Amino acid sequence: MSATKAQLSHRRLIGMVRKESLQILRDPSSIAIAFILPVVMLLLFGYGVSLDAKDVRIGFVIETPDSVTSDIRAAFAQSDYFVPVTFHTIQKAEQAMRQREIDGIVWMQSDFSHRLHNGSGAPIGVIVNGVDANQARITEGYILGAWQTWLTHYSERRGLPQAFPIALEQRVWFNPAVRSRDFLVPGLVAVIMTLIGALLTALVVAREWERGTMEALLVTPIHIRELLMGKLIPYFILGMGGMLLTVAMAVWQFDVPLRGSFLVLLAASALFMLVALAMGLLISIVAKNQFVAGQVAIIVTFLPAFILSGFIFDINSMPTAIQWLTHLIPARYFVAILQTVFLAGNVWAVILPNAAALALMAFIFLMLVRRKAGKRLE
Amino acid sequence: MLQHILALIIKEFLALLKDKRSRFVLIGPPIIQLVVFGYAATFDLDRVPFAVYDEDNTALSHRLTDRFAGSETFELVSHITHDAEIAPVIDHKHALLVLHIGPRFSDDLAAGESASLQVIVDGRNSNTALLALNYVRTVLLDFSAEWAQEQQRPPPPAILVTRAWYNSNLVSQWFIVPGIIGLLTLVVSLLVTALSVAREREEGTFDQLLVTPLRPVEILIGKSVPGLIIGLLESTFIVLVTLWWFEVPLRGHIDALYLGLLLFLLANIGIGLMISSLAVTQQQGLLGAFLFLVPAVILSGFATPIANMPEAVQYLTLINPMRYFMVIVRGVFLEGAGYELLAAQYWPMAVIAFFSLSSAGWLFRRRMY
């Protein structure tokens, strides 16, 4: 008896998958969501999202130009980070900063060279626009670096004692050029795929409930488990297609190094796709109608994946309570895996716990889906 | 005529608020997200875990280590004794950086030679890596200055005196939380409008609306006002939380902010209604809302500066109302900017609002299938 039941369910499952696949093929919008959307978004955001401060417009206030001040200005101009603009009074420069024409000011007063020769700690005034605190910090760092380089050379040339007794030798592992794109693009893959997964299922299933076709399916001998699997499998294949496209773009279009193995990436992606789809299904089942499902999908998918996943804001810098909260966001685990597999390689100590968390979430979401879907019948 | 519009407005409010879940979705999550994101979205480093590999092992090297361990930014998590231990500590994310003090550190320093200090940083999050290195440099500068003074060595001939305008402690919350006002205002106004016409079209009630004596302009007003009112109420609440809970200073005039808010809401509502009236089904409406919302947020300057984007993308942001509102909200809060300085931000939003609202009104009648 149980054997025939298993056989039958197998056939029903195939039938269900076929029905869903046909539905997808006839309505090109799902295919567009799975393939075109991620490509367009990754192109736009991959280029658009960058944290490297480049071409920072710095106003140089040089009250009395001489060989020393022009030497300093040249030291700054040499670096890729700055676009120097010269002013002769601090008032002019401050006005330009208020108008947002420059991002920072480096100010050498009229007695600068004089005090420098006396060795009495000639001050170089630095003002940065603190509105964007992160960019301001990075700019400060660049200015500090340029000042150190110049001062080291200056001391050497004059035979003065070393200006900086400790030489810092810095090594940035996994991303020696400190390119923010290498760090952001893997995270973007996670954010984009969260959207795609939820969009694919949240709407489609809500529509079936709303139109009553779901009830029609439920009166057939099909089991709830077969029904859900029949829905998941075709969308899973679609979603994985989109995922592969974005990964390929990350590697070939954005030149992000893939240091870990592709298979690990594939396995983690599959787990994540399962979570994202199950989340979409759950939204659509709980929301009952497309209107609310749509609203919920906007609120619970994009913004949390954007802000709480570690894609851009470092989770370690968040307050402890918020760090706990981020454990509820599936994208968090996937971002950690992606950043590690892309940049560092197969670091199992990072990959395994995160993959386990994804598997657990997939399990919980699928169980919830099953329970809620069953309840809807009563 | 006024009565007609009023009736429509009441009907729209009912459609939005009569469903318990829909009511909750409009009010609950934005408030929760404001608080959570306000704390979560930070670029400030706090308790950066670091490991020390001290081959020198002298009083001086211990003092340097204590300097780092004692600062609020860093937290000492482990001591390393072999080269081979560096890689696992970083790889496994036990520490973000390793401070490697070579065996000749204090000897070199005492001999007046350049003492080298190696710092290895996890670059997986490049921004964190960069900021951590900046902090390392600052700590080192303080340390060397102190040491030089003790040794009665002359200070460097030129020193940097740095200060930051508008946000002297460079708290990134002051940058992000005003941004969240824009973020959540955008989400709420899209939630209210982007599916409203599409839903009626799918249910067929929009045709009924079109055959009533209401003119498209009146329908447009009726559909816009609920979004405007809900948006204004919610954003006022968010502004108050920004002021009193997050204690971000409000240096400019509140009316300069509200003029921006009004234009921003109108632009969003216009875009939402335009998406909604282009869509035949709610599915398309939602897709359209996402297609607008996600790029609008990511390419607004909310988290990453517009100036860093390639030129082509920068041009694209010109049609993004959130881009202008970001400048206004931060300008009014932090810079104390007034109408004059913000004029360049007001008018593009007004243009977007006018264009999108009139296209939405036009589409109401034209798109009938």
Side-chain angles (χ1 to χ4, degrees), chain A residues 44-45 47-51 116 119 121-137 140-141 147 151 162-175 178 180 183 203 290-292 294-296 299 302 307-308 312-314 317-319 322 339 343-344 347 349, chain B residues 21-22 25 29 37 39-43 45-46 91-92 109 114-121 123-131 133-134 140 144 154-167 170 172 175 191 195 199 282-283 286 298-299 303-305 308-310 313 330 334:
Chain A
L44 202 56
F45 305 153
Y47 286 114
V49 177
S50 156
L51 285 166
L116 186 70
I124 301 176
V126 173
I127 307 172
V128 291
N129 186 332
V131 171
D132 186 340
N134 190 52
Q135 292 292 305
R137 278 227 171 84
E140 274 186 5
W147 165 70
L151 202 56
Q162 260 162 6
F164 305 103
I166 301 173
L168 181 66
E169 189 193 323
Q170 58 188 48
R171 299 258 174 86
V172 181
W173 276 11
F174 314 130
N175 190 355
V178 208
S180 70
F183 136 63
L203 280 175
Q290 290 186 65
F291 188 70
V292 180
Q295 290 181 327
V296 174
I299 285 174
F302 167 57
I307 293 177
L308 301 175
I312 190 161
F313 300 107
D314 201 331
S317 307
M318 298 176 189
I322 307 281
Q339 285 177 351
L343 298 178
V347 182
Chain B
R21 275 159 311 179
S22 178
V25 161
F37 295 168
Y39 285 107
T42 175
F43 286 117
L45 297 192
D46 185 32
D91 284 354
H92 298 174
L109 209 53
S114 177
S116 142
L117 177 77
Q118 198 186 41
V119 174
I120 297 140
V121 195
R124 266 171 279 190
N125 182 329
S126 66
N127 195 60
T128 302
L130 209 58
L131 291 180
L133 279 175
N134 280 350
L140 271 188
S144 355
I159 51 169
L160 281 190
V161 185
T162 306
R163 71 196 161 97
W165 272 10
Y166 309 128
N167 182 359
L170 295 181
S172 68
F175 175 68
L191 281 182
L195 296 176
R199 171 160 73 170
Q282 289 185 58
Q283 190 174 10
L286 180 70
I298 293 187
L299 304 177
T304 61
N308 287 3
M309 298 172 190
V313 182
R330 286 165 179 156
L334 301 179

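We name chains A, B, ... by the order of the sequence lines, and we start the count at 1 in each one. What you see is a predicted model, and the numbers here were worked out from it, not measured in a lab.
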**Request:** Please determine, among B:V313, B:I159, B:N134, B:N167, the option with the most heavy-atom pairs under 4.5 Å with chain A.
**Result:** B:I159

**Message:** Restricting to non-hydrogen atoms, name the atom on B:Q118 and the atom on A:R171 that form the minimum distance, rounded to 0.1 Å.
**Reply:** NE2-NH1, 2.7 Å

**Item:** Euclidean distance, A:S317 OG relative to B:N127 CG, rounded to 0.5 Å
**Value:** 9.5 Å

**Interchain contact, B:L334 with chain A, by part (heavy-atom threshold 4.5 Å)** = side chain

**Prompt:** Which one of B:S114, B:P156, B:P29, B:A164 has the most heavy-atom pairs closer than 4.5 Å to chain A?
**Reply:** B:S114

**Max heavy-atom pair count under 4.5 Å with chain B, selected residue of A:P123, A:A122, A:G141, A:A349** = A:A122

**Request:** Pick one of side chain, backbone, both or neither for A:L116, based on which atoms fall under 4.5 Å of a heavy atom in chain B.
**Result:** both

**Prompt:** B:R199 versus chain A, heavy atoms under 4.5 Å apart: side chain, backbone, both or neither?
**Reply:** side chain

**A:R137 side chain vs B:L170 backbone, donor-acceptor pair below 3.5 Å** = yes

**Request:** Return the option, out of B:V119, B:L109, B:D46, with the maximum number of heavy-atom pairs under 4.5 Å with chain A.
**Result:** B:V119

**Item:** Options B:A129, B:S144, B:P305, ranked by heavy-atom pairs under 4.5 Å with chain A, top entry
**Value:** B:P305

**Complete:** Between A:S180 and B:S126, the two heavy atoms sitting closest are CA-OG, 3.1 Å

**Fill in**
Those residues at least two apart in sequence (or on a different chain) that pass side chain to side chain contact (heavy atoms under 4.5 Å, CB included) with B:S116 are A:E169

**Message:** Is A:Q170 in contact with chain B via its backbone, its side chain, both, or neither, using a 4.5 Å heavy-atom distance?
**Reply:** both

**Prompt:** Can you tell if the side chain of B:P157 reaches within under 4.5 Å of the side chain of A:L151, non-hydrogen atoms only?
**Reply:** yes

**Item:** Smallest separation among heavy atoms of B:I298 and B:M309, with atom names
**Value:** O-CE, 4.4 Å

**Request:** Against chain B, label A:V49 side chain, backbone, both or neither, depending on which of its atoms sit under 4.5 Å from a heavy atom there.
**Result:** both

**Request:** Please report the C-alpha distance between A:F45 and B:L299 in whole Å, then the side-chain angles of each, then the deciding distance to 0.1 Å, and finally whether the side chain to side chain contact (heavy atoms under 4.5 Å, CB included) criterion is met.
**Result:** CA-CA 8 Å; A:F45 305 153; B:L299 304 177; 4.3 Å; yes

**Fill in**
If one checks every heavy atom of A:L343 against chain B at 4.5 Å, the contacting part turns out to be side chain

**Message:** A side-chain contact here means heavy atoms from C-beta on lying under 4.5 Å apart; do B:F175 and A:N134 qualify?
**Reply:** no

**Item:** A:I124 versus chain B, the contacting section by heavy-atom distance below 4.5 Å
**Value:** both

**Message:** Let's test your reading of the structure: which of B:V161, B:N308, B:V121 forms the most heavy-atom pairs below 4.5 Å with chain A?
**Reply:** B:N308

**Request:** Output the option from A:V347, A:I312, A:I307, A:N175 having the highest count of non-hydrogen pairs under 4.5 Å with chain B.
**Result:** A:I307

**Request:** Would you please name every residue forming a ring pair (Phe, Tyr, Trp, His ring centres under 6.0 Å) with A:F313, sequence neighbours left out?
**Result:** B:F43

**B:L117 portion near chain A, given a 4.5 angstrom heavy-atom threshold** = both

